[in-house]
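Here is the structure we will look at.
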Amino acid sequence: MAGRYPDLAGQGVLVTGGGSGIGAALVKGFAAAGARVAFLDIAEAESRTLVSELEGAVEHLPLYIRTDLRDIDALRRAVEQAASALGGLSVLVNNAARDDRHDLETVEPDYWDENQAVNLRHHFFAAQAVAPYMRAAGGGAIVNFSSIAFLLNMGEFPGYATAKAGIIGLTKSLAGRLGPDNIRVNAILPGMVLTERQKRLWIDEAAVAGGIARQCLKRSLIADDMVGPCLFLASDASAAITAQTLIVDGGML
Ligand SMILES: NC(=O)c1ccc[n+]([C@@H]2O[C@H](COP(=O)([O-])OP(=O)(O)OC[C@H]3O[C@@H](n4cnc5c(N)ncnc54)[C@H](O)[C@@H]3O)[C@@H](O)[C@H]2O)c1
């Protein structure tokens, strides 16, 4: 991976939800490319394990900043801390989410608001907070993680699906607003990716088989499959690409 996008070496990269799952693969991928990485996560044990795993293996050891992204003041402080520690920020990956299932009949307004706070709201406020640093650097790239789930009429998580659809609108609006500053904004829509959380909570053998049957590629996707597309959208290799959505689902849709 290192060297495939040489322009990423030395860049300041911020990844939300980088402590586990796809986010952890992204932290490793950017660090292997020589980037200076900071990541925000609520999961302390996983995050600290990730940093210790990378000790001695990468040029710049990623910086973990414990942050609950539902707390926008804390998010703003974390962005400042990351920018100061890394010497600037030119890439933001909005990745953190929580795909809880919920019933139409039992959702209350507080649950709905918390669900949007964990799945959508921090995308906007992280972009707002990093934009000045990107302008100072002469440009930047924001990659927002959406999902194909909102296109599949899945009834078990209307809040999550709403947030993931909202991320597409946000991506396009931010791309329009920030394009004149040479800041690109794109979204990745993963398909079925076998992370530890997915295997523990939602995806059993039958679901894996069902998913693969619907894909063109007859294998399970893993977190590492998201790294190449994300590094591509963060790097100068995609310098003329903005306001786009990239589906990475093994050909399910
Ligand atoms: N795994 C899949 O199949 C799949 C499919 C489609 C889209 N996605 C999207 O990809 C992204 C990564 O998914 P994943 O499967 O790796 O998820 P995951 O649950 O494995 O990891 C999410 C990370 O976000 C962190 N996080 C959650 N709430 C937080 C909060 N309030 N503050 C700070 N950190 C918080 C978690 O601690 C965790 O480390 C998400 O945006 C998800 O919606 C995943």
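Below, all heavy atoms of this structure are taken into account, side chains as well, without hydrogens, waters or symmetry copies. Both ligands and their constituent atoms are indexed starting at 1 by order of listing. Everything numeric here is computed off the predicted structure, so don't read it as measured data. One is the number of the first residue; the rest follow in order along the sequence.
- When non-hydrogen atoms are compared, ligand 1 lies under 4.0 Å from the backbone of T67 (N, CA, C, O) but not from its side chain.
- No donor-acceptor pair under 3.5 Å is formed between the side chain of R4 and the backbone N or O of A33.
- Residue contacts with ligand 1, taken as heavy atom pairs separated by less than 4.0 Å, do not involve R98 at all.
- Which parts of ligand 1 touch V118 is read off a 4.0 Å heavy-atom cut-off, strictly below it: atoms 28 (N), 31 (N).
- Here CG of L174 is found 11.0 Å from CD1 of I167. Values are rounded to the nearest 0.5 Å.
- Between the D204 side chain and the A206 main chain, a donor and an acceptor come within less than 3.5 Å of each other.
- With hydrogens and angles disregarded, no donor-acceptor distance shorter than 3.5 Å links the side chain of S173 to the backbone of L170.
- At distances below 3.5 Å, at least one donor-acceptor pair connects side-chain atoms of Y64 with backbone N or O atoms of D41.
- Counting heavy atoms under 4.0 Å from ligand 1, residue A223 does not touch it at all.
- With N119 contributing its side chain and N115 its backbone, the two residues share a donor-acceptor pair below 3.5 Å.
- What sits closest to atom 34 (N) of ligand 1 on the protein, heavy atoms only, is I42 N, 3.3 Å.
- Atom 5 (C) of ligand 1 has G191 O, 2.9 Å as its closest protein atom, hydrogens excluded (heavy atom only).
- Neither the backbone nor the side chain of E196 comes within contact range of ligand 1; no heavy atom lies under 4.0 Å.
- For ligand 1, the atoms lying closer than 4.0 Å to a non-hydrogen atom of L69 are 30 (C), 31 (N), 32 (N), 33 (C), 34 (N).
- Residue A97 holds the heavy atom nearest to atom 27 (C) of ligand 1 of all those in A97, S147, G21.
- Of the possible polar contacts, none joining the D68 side chain to the I42 backbone as a donor-acceptor pair under 3.5 Å is found.
- Between R197 and D99, at least one side-chain nitrogen of the basic residue sits less than 4.0 Å from a carboxylate oxygen of the acidic one, meeting the salt-bridge criterion.
- Close approach to A43 involves these atoms of ligand 1, each under 4.0 Å from a residue heavy atom: 37 (O).
- Among protein heavy atoms, atom 37 (O) of ligand 1 sits closest to D41 OD1, 2.7 Å.
- When each atom of ligand 1 is checked for a heavy atom of G17 under 4.0 Å away, the hits are 23 (C), 24 (O), 25 (C), 39 (O).
- Using a non-hydrogen distance threshold of 4.0 Å, K164 registers as a contact of ligand 1.
- Using a 4.0 Å cut-off between heavy atoms, T195 contacts ligand 1 through its side chain alone, with no backbone atom that close.
- In plain terms, the two heavy atoms of F232 and A237 that are nearest each other are CE1-O, 3.7 Å.
- Among G23, G18, S20, S146, the residue whose heavy atom lies nearest to atom 38 (C) of ligand 1 is S20.
- Residues I168 and A187 come closest through the heavy atom pair CD1-CB, 4.1 Å.
- Every atom of ligand 1 is numbered from 1 in the order shown, and the set under 4.0 Å from a heavy atom of F145 is 10 (O), 41 (O).
- Heavy-atom proximity to atom 11 (C) of ligand 1, evaluated over V193, N95, D249, is greatest for N95.
- The protein heavy atom nearest to atom 19 (O) of ligand 1 is R197 CD, 2.8 Å.
- Regarding atom 31 (N) of ligand 1, its nearest protein heavy-atom neighbour is D68 OD1, 3.1 Å.
- The minimum heavy-atom distance between L61 and V51, with the atom names listed, is CD1-O, 3.5 Å.
- Among protein heavy atoms, the minimum distance from atom 13 (O) of ligand 1 is reached at I22 CD1, 3.9 Å.
- There is a protein heavy atom closer than 4.0 angstrom to atom 3 (O) of ligand 1.
- Counting atoms of ligand 1 from 1 in the listed order, those under 4.0 Å from a heavy atom of Y160 are 7 (C), 8 (N), 42 (C), 43 (O).
- Formation of a donor-acceptor pair under 3.5 Å by the D103 side chain with backbone atoms of T106 is not found in this model.
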Self-check item: Derivation and outcome, side-chain contact (heavy atoms from CB on, under 4.5 Å), residues R76 and Q128
Solution: CA-CA 9 Å; R76 287 174 167 155; Q128 183 192 59; 3.0 Å; yes

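- Ion pairing between E196 and K199 holds under the 4.0 Å rule for side-chain N and carboxylate O.
- The A96 neighbourhood of ligand 1 comprises atoms 24 (O), with distances under 4.0 Å to a heavy atom of that residue.
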